[in-house]
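What follows is a short report on a single structure.
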Amino acid sequence: MKQIRNVSGILLYNDNKEILLQHRDENTTILPGYWSFFGGAIDENETPEDTIRRETKEELEYELTNPKLVMIQKFDTEIHNITRYVYIEKYNPDIKLVLREGRGMDWHKCSAVEKLKIDKFDLEVIKFVEKIINKNL
């Protein structure tokens with residue numbers, strides 16, 4: 001029987017219509033070496049928004065001011081039934097990002113992420129979010 005896994009992810013975007021992605025460590029158990037979102041598992045007694053605020057602070061030393069839930073994605077992997085709450089927020093360039101998890105991070109145009117080592121479920125989210133970002137900027 002598959003494990004249920006509830007997670008929250010954030011896509012920060014900038015004035016250049018780029019999104020911030022994390023380059024995951026090679027030794028992580030989930031998607032080693034892939035480019036992905038910042039975020040993580042929802043703890044007991046925590047809302048999806050609480051999770052993304054906590055995870056963003058832990059992983060980037062960045063405090064979200066107005067995360068917007070734009071998508072709830074459900075998908076299955078070999079071992080998990082996953083529900084992912086996807087948030088976006090425009091990045092405030094006055095606040096420095098400090099990478100605390102993963103082997104790297106970088107800003108990417110949504111249209112160019114297919115060239116990266118990236119999961120198909122993440123690509124689905126990015127294509128959806130790209131339309132929202134293009135409307136907002």
Side-chain angles (χ1 to χ4, degrees):
M1 185 164 153
K2 292 185 180 186
Q3 296 175 332
I4 294 173
R5 183 167 165 83
N6 296 317
V7 299
S8 288
I10 185 74
L11 285 168
L12 293 175
Y13 65 94
N14 63 23
D15 286 330
N16 297 323
K17 298 182 181 180
E18 297 168 319
I19 56 171
L20 184 68
L21 295 176
Q22 175 193 53
H23 197 184
R24 298 174 64 81
D25 289 323
E26 288 294 339
N27 60 356
T28 188
T29 56
I30 299 174
L31 300 175
Y34 277 69
W35 287 89
S36 191
F37 315 137
F38 287 92
I42 299 171
D43 291 341
E44 192 175 330
N45 299 321
E46 196 175 48
T47 68
E49 185 175 323
D50 292 339
T51 298
I52 203 54
R53 286 179 182 278
R54 174 182 52 77
E55 290 283 349
T56 305
K57 183 71 173 163
E58 290 173 3
E59 295 175 4
L60 292 169
E61 289 190 14
Y62 184 83
E63 292 205 28
L64 297 171
T65 57
N66 188 26
K68 292 187 169 102
L69 179 65
V70 295
M71 180 181 201
I72 299 173
Q73 182 187 43
K74 294 180 182 283
F75 60 97
D76 294 334
T77 66
E78 289 181 18
I79 57 173
H80 292 110
N81 291 325
I82 297 175
T83 299
R84 176 164 50 189
Y85 298 83
V86 179
Y87 291 84
I88 65 170
E89 182 170 300
K90 187 170 182 191
Y91 169 63
N92 178 352
D94 295 334
I95 302 171
K96 183 182 176 199
L97 297 170
V98 179
L99 182 67
R100 295 285 183 213
E101 186 175 301
R103 70 185 221 199
M105 65 178 169
D106 206 355
W107 293 97
H108 297 274
K109 291 279 188 192
C110 292
S111 58
V113 296
E114 291 176 356
K115 298 174 187 169
L116 301 173
K117 184 177 181 183
I118 193 162
D119 182 72
K120 65 182 179 180
F121 300 111
D122 290 356
L123 276 175
E124 180 183 304
V125 170
I126 291 168
K127 294 300 177 193
F128 179 82
V129 167
E130 181 179 26
K131 295 173 189 169
I132 297 169
I133 293 171
N134 286 336
K135 284 181 188 175
N136 288 343
L137 293 177

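Note that the structure is a prediction, hence the values are computed from the model and not measured.
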Could you see if Leu116 belongs to whatever hydrophobic cluster contains Val129? Use Ile, Leu, Val, Met, Phe, Trp, Tyr and a side-chain cutoff under 4.5 Å. yes
Hydrophobic cluster membership, Tyr13 vs Phe128, 4.5 Å side-chain cutoff: yes
Report yes if some heavy atom in the side chain of Trp107 is under 4.5 Å from a heavy atom in the side chain of Asn14; otherwise report no. yes
Within the distance-only criterion (no hydrogens, no angle test), does the side chain of Tyr62 pair as donor or acceptor with the backbone N or O of Asn92 below 3.5 angstrom? yes
Would you indicate whether the side-chain heavy atoms of Glu114 and Lys127 approach each other to under 4.5 Å? yes
Asp119: what forms a side-chain hydrogen bond (donor to acceptor under 3.5 Å, both in side chains) with it, not counting sequence neighbours? none
Without swapping roles, check the side chain of Glu89 against the backbone of Thr65 for a donor-acceptor pair under 3.5 Å. yes
Answer yes or no: is there a donor N or O on one side and an acceptor on the other, between the side chain of Lys2 and the main chain of Thr77, under 3.5 Å? yes
Close side-chain approach of Thr51 and Tyr85, heavy atoms under 4.5 Å: no
Short question: side chain of Asn81, backbone of Ile4 - any donor-acceptor pair under 3.5 Å? no
Using a 4.5 Å cut-off on heavy atoms from C-beta on, say whether the side chain of Phe75 contacts that of Glu124. no
Would you give the length of the straight line joining atom CZ of Phe121 to atom CD1 of Ile82, rounded to the nearest 0.5 angstrom? 8.0 Å
Please step through side-chain contact (heavy atoms from CB on, under 4.5 Å) for the pair Trp35 and His108, ending with a clear verdict. CA-CA 10 Å; Trp35 287 89; His108 297 274; 3.5 Å; yes
Can you list the residues that meet the side-chain hydrogen bond (donor to acceptor under 3.5 Å, both in side chains) rule with Glu78, with sequence neighbours excluded? none
hydrophobic_cluster_shared for Tyr91 and Leu11, side chain cutoff 4.5 Å: no
Do Tyr87 and Ile42 land in one hydrophobic cluster if side-chain heavy atoms of ILVMFWY residues count as linked below 4.5 Å? yes
Identify, with sequence neighbours excluded, every residue that meets salt bridge (charged side-chain N to carboxylate O under 4.0 Å, His left out) alongside Arg100. Glu61
Let's go through Leu12 and Leu60 carefully: what are the C-alpha distance in whole Å and the side-chain angles of both, what is the deciding distance for side-chain contact (heavy atoms from CB on, under 4.5 Å) to 0.1 Å, and is it a yes or a no? CA-CA 11 Å; Leu12 293 175; Leu60 292 169; 4.2 Å; yes
Is there a donor-acceptor contact under 3.5 Å from the side chain of Gln22 to the main chain of Glu101? yes
Donor-acceptor pair, distance only, cut-off 3.5 Å: does the side chain of Lys90 make one with the backbone of Asn66? no
For Leu64, is there any backbone N or O sitting under 3.5 Å from a side-chain donor or acceptor partner on Arg53? yes
Could you tell me whether the side chain of Glu49 reaches within less than 4.5 Å of the side chain of Leu69, counting heavy atoms only? no
Determine yes or no for a side-chain-to-main-chain donor-acceptor pair under 3.5 angstrom, with Arg24 supplying the side chain and Ile30 the backbone. yes
